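Working notes, beginning with the structure itself.
Computed from a predicted model, the values in this text were never measured in an experiment.
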Amino acid sequence: MIAAACAAIASCAPKNEVTLLPASDFETVVDGKDVSLYTLKAGDLTMQVTNFGARVVTLWTPDKNGSYEDIVLGYNNIDNYVNNPGERFLGAVVGPYANRIAGGTYTIGEETYNFPQNNNGQTLHGGLKGLDMIVWDVNSVTENAIVLSVVCPDGHDGMPGNRKI
C-alpha cells in the first residue's frame with residue numbers, strides 16, 4: 001500500500017525541470033551597448049528575454065502532466081542572433097512595421113521613401129536594422145516583469161519620423 005501511494009505521488013511530480021540558458025552566453029556589446037539575458041518567473045512560467053531585439057529566448061511551461069518544455073524556437077547564445085545567416089526574427093519584436101513593403105518604397109503625400117531591401121526585392125520587418133537588430137534599453141526589471149524601450153531617429157533605415165517605442 002505504501003509503495004503504491006509513493007508511486008502515485010511520484011507520477012504526479014514534474015518529470016523534468018526548467019533548464020535555463022546561461023546568462024553568460026548572452027553577455028556582449030553590440031553597437032556600443034551592453035546585451036544581457038534576463039530570467040522572469042510568474043507562477044508556473046519561466047521566460048528568458050534578451051534586450052537584443054527585445055526577444056523572448058525561452059518560455060518554459062508545464063504540460064498537463066507537469067513536465068516542463070520550452071515552447072519557443074530560438075538559439076542558445078547571442079552570437080546566433082547577432083550573426084545569423086538564416087532565420088533572424090525568432091522571438092523578436094519586429095518593426096517598426098511587420099510584413100513587407102513591396103519594392104522597398106512607398107509615398108506619403110509628395111514624398112517617396114526608399115528602404116533597404118532584405119527579402120527578394122521587398123523590405124521585410126523593418127529592413128536591415130529593424131527593431132530585432134537593435135539593443136533595447138532596459139528601463140526596469142523585477143522577478144516577473146521587464147520594461148524595454150528604444151528610440152529610432154528620423155531616417156533610421158530610411159524611415160521618416162522619430163519613433164520612441
Side-chain angles (χ1 to χ4, degrees), residues 18 20-61 69-165:
V18 171
L20 297 176
L21 297 174
S24 60
D25 289 351
F26 285 80
E27 293 171 355
T28 193
V29 175
V30 175
D31 295 333
K33 296 180 78 176
D34 291 333
V35 176
S36 297
L37 184 68
Y38 302 87
T39 301
L40 310 174
K41 296 181 182 185
D44 289 341
L45 300 178
T46 300
M47 180 171 69
Q48 290 184 289
V49 176
T50 180
N51 60 320
F52 181 71
R55 63 182 19 107
V56 175
V57 177
T58 68
L59 179 60
W60 290 87
T61 184
E69 292 294 333
D70 177 11
I71 59 170
V72 171
L73 292 176
Y75 302 111
N76 293 331
N77 60 66
I78 193 63
D79 187 58
N80 287 335
Y81 289 104
V82 174
N83 301 305
N84 187 298
E87 179 52 63
R88 81 176 225 206
F89 300 107
L90 293 178
V93 171
V94 298
Y97 57 88
N99 212 337
R100 292 162 182 83
I101 295 177
T105 185
Y106 69 78
T107 302
I108 300 176
E110 300 293 318
E111 186 75 28
T112 298
Y113 297 92
N114 296 298
F115 311 104
Q117 297 174 4
N118 61 335
N119 182 255
N120 300 319
Q122 315 305 313
T123 303
L124 177 64
H125 296 331
L128 297 176
K129 195 75 167 179
L131 298 178
D132 64 299
M133 297 301 286
I134 296 174
V135 179
W136 290 54
D137 295 322
V138 180
N139 301 103
S140 65
V141 180
T142 65
E143 179 180 332
N144 60 11
I146 187 167
V147 177
L148 304 168
S149 66
V150 69
V151 175
C152 297
D154 180 43
H156 176 256
D157 241 5
M159 297 297 278
N162 296 317
R163 295 165 313 279
K164 183 176 181 184
I165 304 165

Study note, to complete from the structure: Nearest heavy-atom contact between Pro96 and Gly126 is CD-CA, 3.7 Å
**Study point:** Pairwise salt bridge (charged side-chain N to carboxylate O under 4.0 Å, His left out) hits with a residue in residues 88-101, at least two apart
**Key:** Arg88-Asp132
Exercise for review: Return yes if some donor-acceptor pair links the side-chain N/O of Asp70 with the main-chain N/O of Leu59 below 3.5 Å, else return no.
Suggested key: yes
Exercise for review: Begin from the C-alpha positions of Asp31 and Val135 and carry the test side chain to side chain contact (heavy atoms under 4.5 Å, CB included) through to its verdict.
Suggested key: CA-CA 8 Å; Asp31 295 333; Val135 179; 5.6 Å; no
Hey, can you pull the donor-acceptor pairs under 3.5 Å for the side chains in residues 74-84, sequence neighbours left out?
residue, atom, partner, partner atom, Å
Tyr75, OH, Asn84, ND2, 2.9
Tyr75, OH, Glu87, O, 3.1
Asn77, OD1, Asp79, N, 3.1
Asn77, OD1, Asn80, N, 3.0
Asp79, OD1, Asn83, ND2, 2.4
Tyr81, OH, Tyr75, N, 2.8
Asn84, OD1, Gly86, N, 2.4
Asn84, OD1, Glu87, N, 3.2
Asn84, ND2, Asn80, O, 2.9
Asn84, ND2, Glu87, O, 3.4

Practice item. Quick one: list whatever passes side chain to side chain contact (heavy atoms under 4.5 Å, CB included) with Leu73, sequence neighbours left out. Key: Leu90
Check your understanding: In Å and rounded to the nearest 0.5 Å, what is the CG to CD1 distance from Asn119 to Ile101?
Key -> 11.5 Å
**Study point:** side-chain hydrogen bond (donor to acceptor under 3.5 Å, both in side chains) involving Ser36 - partner list, sequence neighbours excluded
**Key:** none
Practice item. With sequence neighbours excluded, tell me which residues meet side-chain hydrogen bond (donor to acceptor under 3.5 Å, both in side chains) with Asn144. Key: Thr142
Check your understanding: Quick one: side chain to side chain donor-acceptor pair (under 3.5 Å) pairs with a partner in residues 49-60, sequence neighbours left out?
Key -> Gln48-Thr58
Show every donor-acceptor pair shorter than 3.5 Å between a side-chain atom in residues 102-111 and any protein atom, with sequence neighbours excluded, or say none if there are none.
residue, atom, partner, partner atom, Å
Thr105, OG1, Tyr113, O, 3.0
Thr105, OG1, Asn114, OD1, 3.1
Thr107, OG1, Thr112, OG1, 3.1

Counting only pairs under 3.5 Å, give me each side-chain donor-acceptor contact of residues 146-159, with atom names and distances, residues two or more places apart or in other chains.
residue, atom, partner, partner atom, Å
Ser149, OG, Asn139, OD1, 2.9
Ser149, OG, Asn139, ND2, 3.4
Asp154, OD1, Gly161, N, 2.6
His156, NE2, Lys129, O, 3.3
Asp157, OD2, Leu128, N, 2.9
Asp157, OD2, Lys129, N, 2.7

Exercise for review: Mind jotting down which residue pairs meet the salt bridge (charged side-chain N to carboxylate O under 4.0 Å, His left out) criterion with at least one end in residues 134-150? Sequence neighbours excluded, please.
Suggested key: Lys33-Asp137
**Study point:** Validation row: Asn118, Thr123 side chains within 4.5 angstrom (heavy atoms)
**Key:** yes
Review point. Among all residues two or more places apart in sequence or in another chain, which pass the side chain to side chain contact (heavy atoms under 4.5 Å, CB included) test with Val94?
Key: Phe89, Ala98, His125
Practice item. Under the side chain to side chain contact (heavy atoms under 4.5 Å, CB included) rule, what do Phe52 and Thr28 come out as? Steps first, then yes or no, please. Key: CA-CA 10 Å; Phe52 181 71; Thr28 193; over 6 Å; no
